[in-house]
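Quick note on labels: first sequence line is chain A, next is B, and so on, each numbered from 1. Note that the structure is predicted; figures quoted are calculated from it, not measured.
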Protein chains: 2
Amino acid sequence: MGAAIRDRSMEVKLSAAIKLGDEELTQRQQDVLDIALSLLVEVGDKLTMTGVARRARCSKESLYKWFGDRDGLLTAIVQWQAAKVRPVPLGPQRMSIEALQANLERFAYDWLKVIAGDISVALNRLAITHAGPLSNLGHTVLTNGRFAVGKRLKPLLKAGRGAGLLRFDDEEEAFRTFFGLVLRDVQVRLLLGDEFELSDQDVIRDAKRATEQFLKLYGA
Amino acid sequence: MGAAIRDRSMEVKLSAAIKLGDEELTQRQQDVLDIALSLLVEVGDKLTMTGVARRARCSKESLYKWFGDRDGLLTAIVQWQAAKVRPVPLGPQRMSIEALQANLERFAYDWLKVIAGDISVALNRLAITHAGPLSNLGHTVLTNGRFAVGKRLKPLLKAGRGAGLLRFDDEEEAFRTFFGLVLRDVQVRLLLGDEFELSDQDVIRDAKRATEQFLKLYGA
DNA sequence: ATGGAACCGTACCGTACGGTTCGGTAAATG
DNA sequence: CATTTACCGAACCGTACGGTACGGTTCCAT
């Protein structure tokens with residue numbers, strides 16, 4: 001479980017590879033962020049600096065040195081997770097109706113899986129808790145969640161339109177409709193603590209249904 | 001603004017009319033809850049007992065006497081707001097396609113308006129912040145929000161099906177699709193602090209579009 | 001080996017806030 | 001008038017937690 005890196009000689013080799021904003025993160029700091037994230041999933045907004053330090057077996061002083069203050073740590077956690085989820089752009093293969101449908105289904109499946117996961121729920125709860133014009137957490141989550149997904153899906157939609165398979169004027173509108181058809185009330189219910197049994201079969205069925213409905217609305 | 005009731009002689013006449021759970025609320029207490037709600041909209045989760053007492057010009061002692069503790073106050077706020085929003089069941093008139101469409105549009109319009117309002121955002125943020133198996137806030141919001149809306153819409157859907165205008169097997173599925181088509185990413189974005197210009201024209205257009213799409217998917 | 005950088009662990013401080021207590025007041029009751 | 005009830009206002013307490021200080025340790029570079 002814990003598996004914190006003890007042999008600090010690795011840091012020199014592995015660190016400096018990953019940048020976060022303007023900061024570089026040593027291996028040790030990345031490990032701490034992973035541990036903090038797992039703790040966040042457990043305790044939610046009751047995450048405490050002392051708790052992180054104890055779990056990560058580091059000193060609070062180091063936390064403050066690395067991340068500035070509590071808000072900086074939370075921001076780093078969110079950005080760190082976001083940096084990890086920079087997934088594959090689906091290949092622009094020759095676009096047939098079957099390929100389009102399969103791609104949409106796969107997209108919806110992955111998306112639902114992520115949204116229904118513990119980490120997504122925890123991070124969105126955190127960002128919503130500290131939302132407002134002041135904190136940038138909500139903005140960060142939006143940028144790396146909702147908007148990043150949009151950027152990834154739109155090329156697929158445009159390819160479908162280019163192949164004469166889809167018909168729409170506003171790709172943003174089309175994407176938002178797909179958003180609604182895929183996620184529906186799932187995210188809000190999870191955020192509100194609704195205990196939700198969402199089996200893999202359910203997700204598969206939902207992905208198929210959402211794709212089917214989307215094609216019925218926007219298919220040419 | 002403030003307009004706290006000074007003349008306490010009114011309480012005797014007006015109180016005991018409204019029950020909340022098993023508790024009755026005096027007029028004074030209802031006023032305090034309204035004030036607390038407005039303060040909650042302003043300050044969010046930084047709502048403090050002292051702040052409520054000062055704004056409502058009452059003593060903290062009274063707050064604790066009436067609501068038990070902070071969690072009790074928050075629960076009372078949510079339930080109080082929920083008690084106010086127990087809207088009209090739309091009349092089961094003779095169901096034509098035009099009437100169905102108009103009803104759906106009106107429903108979507110009202111719904112979007114509520115969801116995009118400050119109060120809804122504040123209450124959902126609050127409930128999400130304190131979500132988890134422990135707190136019942138999330139459950140209360142879900143019951144009086146998502147599920148109450150479902151209960152109100154389903155009769156309309158069934159009436160439409162009865163009149164041969166709609167076709168669906170599972171009314172819950174149909175409702176959830178309508179949910180997705182109407183709200184899409186609006187609620188999550190607002191919860192995450194996305195500054196959102198949603199004019200009345202936008203809401204009207206969204207309601208029409210969602211209804212049109214829904215009828216395309218489920219129309220007979 | 002030696003100096004220094006980074007870090008751990010812990011004790012400590014300041015403050016904010018939930019919750020309690022108490023004295024005082026005004027209206028209702030009888 | 002005496003008593004009770006309900007409330008206000010303010011002082012007070014306990015605690016949790018963010019943030020800091022500091023002594024001791026590990027490890028690398030020279």
Send over the distance from A:Asp31 CG to C:dA6 P, rounded to a whole Å.
-> 18 Å
What integer distance in Å separates A:Asp71:CG from D:dG18:C1'?
-> 12 Å
What pairs with A:Lys154 under side-chain hydrogen bond (donor to acceptor under 3.5 Å, both in side chains), at least two apart in sequence or on another chain?
-> A:Glu172
Got a salt bridge between B:Arg209 and B:Asp206, using NZ or NE/NH1/NH2 to carboxylate O under 4.0 Å?
-> yes
Assess whether salt bridge (Lys or Arg N to Asp or Glu O under 4.0 Å) is satisfied between B:Glu212 and B:Arg205, documenting all intermediate values.
-> CA-CA 10 Å; B:Glu212 181 185 349; B:Arg205 277 218 336 277; over 6 Å; no
Do the side-chain N or O atoms of B:Ser62 get closer than 4.0 angstrom to the phosphate oxygens (OP1, OP2) of D:dC7?
-> no
Quick one: B:Leu63 CG to D:dG9 C1', roughly how many Å, whole number?
-> 13 Å
Could B:Asp194 and A:Arg146 be called an ion pair, given the rule that one side-chain N must be under 4.0 Å from one carboxylate O?
-> no
Sort me out a list of protein N/O and nucleotides 12-18 of chain C N/O pairs below 3.5 Å, or just none if empty.
{"from": "C:dG18", "atom 1": "OP1", "to": "B:Arg70", "atom 2": "NE", "distance (Å)": "3.0"}
{"from": "C:dG18", "atom 1": "OP2", "to": "B:Thr48", "atom 2": "OG1", "distance (Å)": "2.7"}
{"from": "C:dG18", "atom 1": "OP2", "to": "B:Met49", "atom 2": "N", "distance (Å)": "3.1"}

Between D:dG9 atom P and B:Arg57 atom CZ, what is the distance in whole Å?
-> 7 Å
Short side-chain N/O contact from B:Trp66 to OP1 or OP2 of D:dA6, under 4.0 Å = no
Only one of A:Val188, A:Val141, A:Leu190 passes side chain to side chain contact (heavy atoms under 4.5 Å, CB included) with A:Asn124, and that residue is A:Val141
Side chains of A:Gln30 and A:Asp34: donor-acceptor distance under 3.5 Å anywhere?
-> no
Just how far, in rounded Å, is P of C:dT21 from NZ of B:Lys65?
-> 14 Å
Round to a whole Å and report the spacing from CG of B:Leu73 to P of C:dG19.
-> 10 Å
In whole Å, what is the span from the CD atom of B:Glu61 to the P atom of C:dT25?
-> 16 Å
